[in-house]
*Asks:* 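Would you mind keeping the following structure in view while I ask a few things?
Just so it is clear: chains get the letters A, B, ... in the order the sequence lines come, proteins before strands, and each one is counted from 1. If you're wondering where the values come from, they're calculated on a predicted model, not measured in any experiment.
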There are 2 protein chains.
Amino acid sequence: MSIIKTGKVPRVRRSPEAARENILAAAERLLVAQGPQALKLADVAAEAGIANASVLHHFGSIDEVQTALMERMVADLVARILAVSEVGAEPSPAGAQTLFDAFEAPGVARLAAWLEMTGEAKRMTMVRGAVQKVVARLSERTLMTPAEAEDLIMASVVLAMGVGLFGRALSTLMGKPAGHTRDLAMALLVKHVAHPSSWRGGD
Amino acid sequence: MSIIKTGKVPRVRRSPEAARENILAAAERLLVAQGPQALKLADVAAEAGIANASVLHHFGSIDEVQTALMERMVADLVARILAVSEVGAEPSPAGAQTLFDAFEAPGVARLAAWLEMTGEAKRMTMVRGAVQKVVARLSERTLMTPAEAEDLIMASVVLAMGVGLFGRALSTLMGKPAGHTRDLAMALLVKHVAHPSSWRGGD
DNA sequence: TTTATTATTGACATTTTTATCAATAGAGCC
DNA sequence: GGCTCTATTGATAAAAATGTCAATAATAAA
């Protein structure tokens, strides 16, 4: 054929678990960098450095790769959120900080948008258990009633998701420093906790 | 061919504008109901009740259909947001109400997720002009400095987007009535305005 | 009515994406 | 070494999605 020896590269043979991990990691990189539309069979295989057929051998179909990735990322997110309830007794800045960190981890915005779009928002029920734990911790360790704790969590999640999804874009749009949207949101949260007087002012 | 007369349906001939409108409306219905992955050429054509080739005749490619839809929906959203500055002099509940309404209109969540994912968040610059108008109105008519007005807008947008995207899911998840997340968010906003003392508590 | 224009369409072609399959080749075990 | 198991792969098929084109038929204008 050619003068250049193609130098037959030895195959890498992984355990099934390692192979799946390799594939999912590749898929996650693609999702974070380019969004779900980049999760084509050929793209994932290329990113993982293996043949298309190998991906199918371990997952059966590209859809199952996507499902598995979604579940993995949701599980990771839940784990990080759960870490919030480990921080301290008070629902103060430290906790909020950790929560916002959890939602700003690379790819969470993409994951959220992906979930929203795939209609698989039902998968959010995976979060239920975690949320209940956090609520329990809060009302255990503070003076808040469970209802108050629940509201605080909901407010935190809404804010953190909003910041995670649109914080960067908003800061840029308004010509503010990068973390400004986040700081603002955390200030809102702190103020919320600091002024329980008007607690039920909403409905 | 067959005993059954296929009854040759007369063609509908639209003006180019009406044809484009018909197609975009169909595409929007699909987007809202099923997400962007449903915006296939065949699907859009079927929903619009015309042949695939007709879609291509008016838009050239399915990508241009998607781009046009995106632009249309962003423009609509901007118009609704702009309406906020028409409401009243004070940045109080009425304004927030309108803003939240704008973000909870059917499909906005899908649009936002879509924008986030397509990387075309750059298109968010379309919003810049509108935002500047709102900021100007606010600092004109109230005692707020421009910086304060900007922060209020940013907070409102983050909250409204968060509620628009995850409000329903969150309320369900926590076993609360449908509008609870929204009420909570609006309460946060009101509290923010009511306690300017800790205004700069964030950074 | 006749003609010109062009929106509309079905049939077909092209491209893209996914899936199948038989053969190859690591790795542990005898 | 020889053997088994199976992860891996290239070639190929199948399916899905997009786009092309020439013919058809509404509609307005002459």
Side-chain angles (χ1 to χ4, degrees), chain A residues 1-2 4-27 29-31 33-70 114 117-118, chain B residues 1-2 4-27 29-31 33-70 114 117-118:
Chain A
M1 297 213 109
S2 150
I4 303 169
K5 281 205 284 191
T6 38
K8 192 178 285 193
V9 178
R11 289 184 184 177
V12 183
R13 187 190 176 99
R14 287 173 245 253
S15 70
E17 304 76 42
R20 286 177 61 99
E21 168 57 31
N22 176 46
I23 293 166
L24 288 182
R29 286 193 298 275
L30 285 180
L31 175 76
Q34 312 180 38
Q37 77 286 352
L39 293 182
K40 309 290 183 189
L41 175 60
D43 295 345
V44 172
E47 175 71 23
I50 62 181
N52 295 13
S54 297
V55 174
L56 296 175
H57 173 72
H58 289 287
F59 285 92
S61 77
I62 187 64
D63 284 334
E64 286 190 44
V65 174
Q66 298 179 355
T67 301
L69 175 60
M70 217 182 251
W114 191 22
M117 288 193 355
T118 349
Chain B
M1 301 220 118
S2 150
I4 303 169
K5 282 206 284 195
T6 38
K8 193 179 282 194
V9 178
R11 288 184 184 177
V12 183
R13 187 190 176 100
R14 285 174 248 252
S15 70
E17 304 75 42
R20 287 177 60 98
E21 167 58 31
N22 176 44
I23 293 166
L24 287 181
R29 286 194 298 276
L30 285 180
L31 176 75
Q34 310 181 38
Q37 76 286 352
L39 294 181
K40 308 291 184 189
L41 175 59
D43 295 345
V44 171
E47 176 71 24
I50 62 181
N52 294 14
S54 298
V55 175
L56 296 175
H57 174 73
H58 290 287
F59 285 92
S61 77
I62 188 63
D63 284 334
E64 286 190 44
V65 174
Q66 297 179 354
T67 301
L69 175 60
M70 218 184 252
W114 192 21
M117 288 196 354
T118 350

*Asks:* State whether the side chain of A/Q66 and the backbone N or O of A/L39 hold a donor-acceptor pair below 3.5 Å, judged by distance alone.
*Replies:*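 Yes; at least one donor-acceptor contact below 3.5 Å.
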
*Asks:* Quick check on DNA chain D: between B/V12 and A/I50, whose nearest nucleotide comes earlier from the 5' end?
*Replies:*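 The answer here is A/I50.
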
*Asks:* If you round to the nearest 0.5 Å, how far is CD of A/Q34 from NZ of A/K40?
*Replies:*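 One gets 11.5 Å once the value is rounded to the nearest 0.5 Å.
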
*Asks:* Which distance, rounded to the nearest 0.5 Å, do you find between the CD of A/Q37 and the CE of A/M117?
*Replies:*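 Rounded to the nearest 0.5 Å, the CD-CE separation comes out at 8.0 Å.
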
*Asks:* Does a side-chain N or O from B/H57 land closer than 4.0 Å to OP1 or OP2 of C/dA7, or not?
*Replies:*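 It does, given that an N or O in the side chain of B/H57 lies less than 4.0 Å from OP1 or OP2 of C/dA7.
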
*Asks:* What is the distance, rounded to the nearest whole Å, between atom CG of B/L39 and atom P of D/dT18?
*Replies:*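 Distance, rounded to whole Å: 10 Å.
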
*Asks:* Rounded to the nearest angstrom, tell me the gap between atom CG in A/N22 and atom P in D/dT9.
*Replies:*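 After rounding, the reported distance stands at 10 Å.
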
*Asks:* Given atom CZ of B/F59 and atom P of D/dG19, what is their separation to the nearest angstrom?
*Replies:*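 After rounding, the gap between these two atoms is 13 Å.
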
*Asks:* Taking atom C1' of D/dA16 as reference, at what distance in whole Å does atom CG of B/D43 sit?
*Replies:*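 Rounded to the whole Å, the gap is 11 Å.
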
*Asks:* Round to a whole Å and report the spacing from CD of B/Q37 to P of C/dT17.
*Replies:*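 Value for this atom pair: 16 Å.
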
*Asks:* If you go through the side-chain atoms of A/R13, does one of them form a donor-acceptor pair with the base of D/dT6 closer than 3.5 Å?
*Replies:*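 For A/R13, whose side chain was compared with the base of D/dT6, there is a donor-acceptor pair (under 3.5 Å).
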
*Asks:* Once you round it to whole Å, what is the distance between C1' of C/dT9 and CG of B/L41?
*Replies:*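 After rounding, the gap between these two atoms is 13 Å.
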
*Asks:* Figure out the CZ/C1' separation between A/R14 and D/dT9, and round it to whole Å.
*Replies:*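 Value for this atom pair: 13 Å.
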
*Asks:* Need to verify one output field. Residue with the more 5' nearest nucleotide on DNA chain C, B/S15 or B/A53?
*Replies:*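 So the residue in question is B/S15.
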
*Asks:* Between B/N52 and B/V44, is any pair of side-chain heavy atoms under 4.5 Å apart?
*Replies:*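 They are not in contact (no side-chain heavy atoms under 4.5 Å apart), so the answer is no.
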
*Asks:* C/dA7 phosphate, OP1 or OP2: any side-chain N/O from B/S54 under 4.0 angstrom?
*Replies:*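 No, no such contact exists.
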
*Asks:* For B/L56, answer base if it contacts any base atom (sugar-phosphate contacts may also be present), sugar-phosphate if it contacts only those atoms, and nothing otherwise; contact means non-hydrogen atoms under 4.0 Å.
*Replies:*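 Base: the residue B/L56, judged by heavy atoms under 4.0 Å, touches a nucleobase.
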
*Asks:* Counting only distance, no hydrogens or angles, is the base of D/dT24 paired donor-acceptor with the side chain of B/R11 under 3.5 Å?
*Replies:*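 Present.
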
*Asks:* How many whole angstroms separate atom NE2 of B/H58 from atom P of D/dG19?
*Replies:*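 In whole Å, D/dG19 P lies 16 Å from B/H58 NE2.
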
*Asks:* What heavy-atom pair brings B/L24 and B/V65 nearest, and what distance separates the two atoms?
*Replies:*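 So the minimum-distance heavy-atom pair works out to CD2-O, 3.9 Å.
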
